[in-house]
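So the structure is just underneath, and the comments pick up after that.
Proteins come first, then strands; the chains are lettered A, B, ... in the order of their sequence lines, and each starts at number 1.
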Protein chains: 2
Amino acid sequence: MDISEKSLQLHEKNKGKIALLPKVSVSTREELSLAYTPGVAAVSMAIAKNGNAVWDYTSRGNWIAVVSDGSAVLGLGNIGPEAALPVMEGKAVLFKEFAGIDAFPLCLNTQNVDEIVATVTAIAPSFAGITLEDISAPRCFEVEERLKKILPIPVMHDDQHGTAVVVLAGLLNAARVAKKNLSDMRIVINGAGAAGTAVAYLLLRAGVEDIVVLDSKGILSRDRTDLNGAKQLLAQKTNQKNNRGTLMDAVKGGDVCIGVSKPGVLTKDMIRAMAADPIIFALANPVPEISPEEARLAGARLIATGRSDAQNQVNNALAFPGIFRGVLDAKVREITDELKLAAAYAIASCVPNPSPERFIPDVFDTNVVQKICEAIKTAK
Amino acid sequence: MDISEKSLQLHEKNKGKIALLPKVSVSTREELSLAYTPGVAAVSMAIAKNGNAVWDYTSRGNWIAVVSDGSAVLGLGNIGPEAALPVMEGKAVLFKEFAGIDAFPLCLNTQNVDEIVATVTAIAPSFAGITLEDISAPRCFEVEERLKKILPIPVMHDDQHGTAVVVLAGLLNAARVAKKNLSDMRIVINGAGAAGTAVAYLLLRAGVEDIVVLDSKGILSRDRTDLNGAKQLLAQKTNQKNNRGTLMDAVKGGDVCIGVSKPGVLTKDMIRAMAADPIIFALANPVPEISPEEARLAGARLIATGRSDAQNQVNNALAFPGIFRGVLDAKVREITDELKLAAAYAIASCVPNPSPERFIPDVFDTNVVQKICEAIKTAK
């Protein structure tokens, strides 16, 4: 039985993956009167008098919402809110098991930016944080930006920043193995969606100076007239020489190629055209831009993919549980660039002696959440 | 230590009352690949192809949202969404413990009818049902009515219909003890908010013919010019003689007085002015319209209140767990008047030999949910 069949069976047998766990009992008259009426009235009044008491007397402080509109689910595209639900339930389980966070999947019946922002704003009083998931670019940028401004709780679009944090963590360690400095590197990012955009900005923030980003039409340059606002901005912030061209043109002489695009678009010839000891992140999932075997044949030894069956997996689950555990514990209201950098360095530090075989920690490495929490506490 | 202190301590010690319970493990690489990527992709695709599969492969079928805008919380008034959260968490615990339903409290940062409707519509794909809670009248009527039309899942405002169902159940049994027929009774309802309005309509639906409803200004009559739309409609559907007057005028010669109003407004003299063997539901909480002791002194023996420390408690927890368990199990899309009547008869049947001491079942009577479920299955 293949993994798809097994997964369908698992989901059907359990009728999904999440349930409610009451933390108090209501099986006697006294218990009922304390957890509910009439006793609960005193708790409500305490919060009505002092809003901050909500963090002491309710579960809000440990609950986050996993919000998706189903427009860009995994690599499956715009499959809608109901079809996104199994993924969001899975994410909720990961939050709980990896970081002890209670997460609820909210799949929205709208893909309109204003309506998404209004809905998340309306439900925010029940939550301590919001993670946005699988919302397609460029809408995801506006949704996140507006919610960050409006809400008094942390908001993060994981497809952007979770990916960016883990990529930077891996790159920090791969650069150590290759004995290269981030600031001297030429980095090519193939893919200008949510992940590619966030990776580019976080690398800039981390001190990388030479970044070129491509979309399916080629290098993002300032003279291209077919770019949306997000891509225009990205073209201004990257590609300082304002080069034009194809992926082959871009990778020539480059130190790093990060694919967040489509299966098979990176060839052995392209890797051979790169600088010595090239670093390859082929993150298209489940089928990468180039297989690790082929990349190795072309001379690369520092290779990461999105696959759980290969070495050096770029898995957002290395980032999002720890980041949210960290900001909830430290009572941080905004997940800033500084905190993302701190999280990336913390993840990297979980592999003290990086090698080509391991420069990204295993997703089950229990140090990761702890290290990220400490880093956020220090950096906030 | 009084109940308020105890309740505050309980809430602080546990940091609220609800957590997430994962139904699957993700502690090995294989488990992770089945519950999350890559295995979950097959589950999402199955739902994308056939929307009904969401009920087989996700937890949606057992999750309901407990939605409040914090505008009419218990008897505490408009205390806002954060202060409402302890009550809604309590309700979620009751749903789980009494009926095995997973319920999530969504407290909304808006009291605008359009925004409430839009928000609940947007989050509906994550839920199998919606219970509206503690939303003030007359907005609650419009919110419920519009959501019932829009959503393909059951929606119920508990303050209206949960109360109405339990009142009718109690009245059916009290009438048996008093040897009176519902259709011959004169029933006075003091209070024309969410509860009073729903009680009036359900009693009409149950065959009561002579109902008079009062608000704080007196009897709702067709010539009153100070009534909102909901009260105007209620004045047309009740009070067939179009009487005017005070609560004393209304109860004179009446068989039943149902108070859903304020402490102390019902006097011994009023009860003495009623027909023989009067039935008194004094539901203001925690302090009733008249205490059971005083009502007894005035000659009443059939007395219900909202208090857990008195006989015959009208507690919505007798209705909402069973009604939602019933409609989820029977895959009912709308909680119709027929189903509410069926639920009321089912609750009444849990006291086979009603007496003045017991004509409403105990809130811990485990037969209640089961009987309501059977009744809904039959009546749907």
Side-chain angles (χ1 to χ4, degrees), chain A residues 3-4 6-8 10-12 14 16-24 26 29 33-36 38-44 47-48 51 54 56-59 73-74 76 79 81-83 85-87 89-90 93 96-97 102 104-110 119 122-126 286 308, chain B residues 3-4 6-8 10-12 14 16-24 26 29 33-36 38-44 47-48 51 54 56-59 73-74 76 79 81-83 85-87 89-90 93 96-97 102 104-110 119 122-126 286 308:
Chain A
I3 195 170
S4 296
K6 272 193 190 168
S7 183
L8 285 163
L10 177 84
H11 284 78
E12 192 167 16
N14 293 285
K17 291 174 291 202
I18 58 167
L20 188 81
L21 177 66
K23 298 198 280 186
V24 300
V26 288
R29 215 165 293 276
S33 71
L34 295 179
Y36 197 57
V40 75
V43 182
S44 285
I47 299 172
V54 76
D56 300 322
Y57 293 127
T58 76
S59 310
V73 180
L74 306 178
L76 308 172
I79 57 175
E82 282 91 355
L85 195 49
V87 179
E89 285 192 11
V93 172
K96 184 73 182 192
E97 295 299 320
D102 302 302
F104 193 81
L106 286 176
C107 290
L108 305 187
N109 200 15
T110 174
T119 301
I123 55 90
S126 289
S308 57
Chain B
I3 195 168
S4 297
K6 273 194 189 169
S7 183
L8 285 163
L10 176 83
H11 284 78
E12 192 167 18
N14 293 284
K17 292 173 290 202
I18 58 166
L20 188 80
L21 177 66
K23 297 198 281 185
V24 299
V26 288
R29 216 164 293 276
S33 70
L34 295 179
Y36 197 55
V40 74
V43 182
S44 286
I47 298 171
V54 76
D56 300 322
Y57 292 127
T58 76
S59 310
V73 180
L74 306 177
L76 308 173
I79 58 176
E82 282 91 355
L85 195 50
V87 180
E89 285 193 12
V93 171
K96 183 75 181 188
E97 295 299 321
D102 302 303
F104 193 82
L106 286 176
C107 290
L108 304 187
N109 201 15
T110 176
T119 301
I123 54 89
S126 289
S308 55

Exercise. Are side-chain heavy atoms of B/K17 and A/V43 found at a separation under 4.5 Å?
Worked result: no

Exercise. Are the side chain of B/S126 and the backbone N or O of A/C107 linked by a donor-acceptor pair below 3.5 Å?
Worked result: yes

Exercise. Checking heavy atoms, do the side chain of B/L76, its backbone, both or neither come under 4.5 Å from chain A?
Worked result: side chain

For this session: Return the option, out of A/L8, A/L10, A/V87, A/V26, with the maximum number of heavy-atom pairs under 4.5 Å with chain B.
Result: A/L8

For this session: Output all residues satisfying side chain to side chain donor-acceptor pair (under 3.5 Å) with B/T110, sequence neighbours left out; order by chain, then residue number.
Result: B/E115

Problem set entry | Note, A/L20 side chain near B/L20 side chain (heavy atom, < 4.5 Å) | no

For this session: Below 4.5 Å from any heavy atom of chain A, which atoms of B/V54 appear? Answer side chain, backbone, both or neither.
Result: side chain

Problem set entry | When B/G90, B/G51, B/P22 are compared by non-hydrogen pairs under 4.5 Å with chain A, the top option | B/P22

Problem set entry | chain A contact via B/P86 - which portion, at a heavy-atom distance below 4.5 Å | both

Problem set entry | Largest heavy-atom contact set with chain A, pairs under 4.5 Å, which of B/A122, B/P38, B/A41, B/P105 | B/A122

Problem set entry | Side chain, backbone, both or neither of A/L108 within contact of chain B (heavy atoms, under 4.5 Å) | both

Problem set entry | Residue selection (most heavy-atom pairs with chain A, distance under 4.5 Å) from B/V24, B/I79, B/L74, B/V73 | B/V24

Exercise. What is the minimum heavy-atom distance between B/A83 and A/S44, and which atoms define it?
Worked result: O-OG, 2.7 Å

Exercise. Where do B/S308 and A/R29 come nearest, in terms of heavy atoms and distance?
Worked result: O-CD, 4.0 Å

For this session: Please flag which part of B/E97 lies under 4.5 Å from any non-hydrogen atom of chain A: side chain, backbone, both or neither.
Result: side chain

Exercise. Under the side chain to side chain donor-acceptor pair (under 3.5 Å) test, which residues partner A/S59, sequence neighbours left out?
Worked result: B/E89

For this session: Examine whether an atom of B/I18 lies under 4.5 Å from a heavy atom of chain A, and if so say whether it belongs to the side chain, the backbone or both; otherwise answer neither.
Result: both

Exercise. Which atoms of B/Y57 come close to chain A, meaning under 4.5 Å heavy atom to heavy atom: side chain ones, backbone ones, both, or neither?
Worked result: both

Problem set entry | Region of B/L106 that comes under 4.5 Å of a non-hydrogen atom in chain A | both

Seminar exercise, completed: Tightest non-hydrogen contact, residues B/K96 and A/A19, listed as NZ-CB, 3.9 Å

Exercise. Heavy-atom distance under 4.5 Å between the side chains of A/I47 and B/L85, does that happen here?
Worked result: no

For this session: Can you see which heavy atom on A/A35 is nearest to which on B/H11, and at what distance?
Result: O-NE2, 4.1 Å

Exercise. For atom NZ of B/K6, is the number of surrounding heavy atoms from other residues, nucleotides or ligands below 6.0 Å larger than 12?
Worked result: no

Exercise. Among B/D102, B/V93, B/L21, which one satisfies side chain to side chain contact (heavy atoms under 4.5 Å, CB included) with A/L21?
Worked result: B/L21

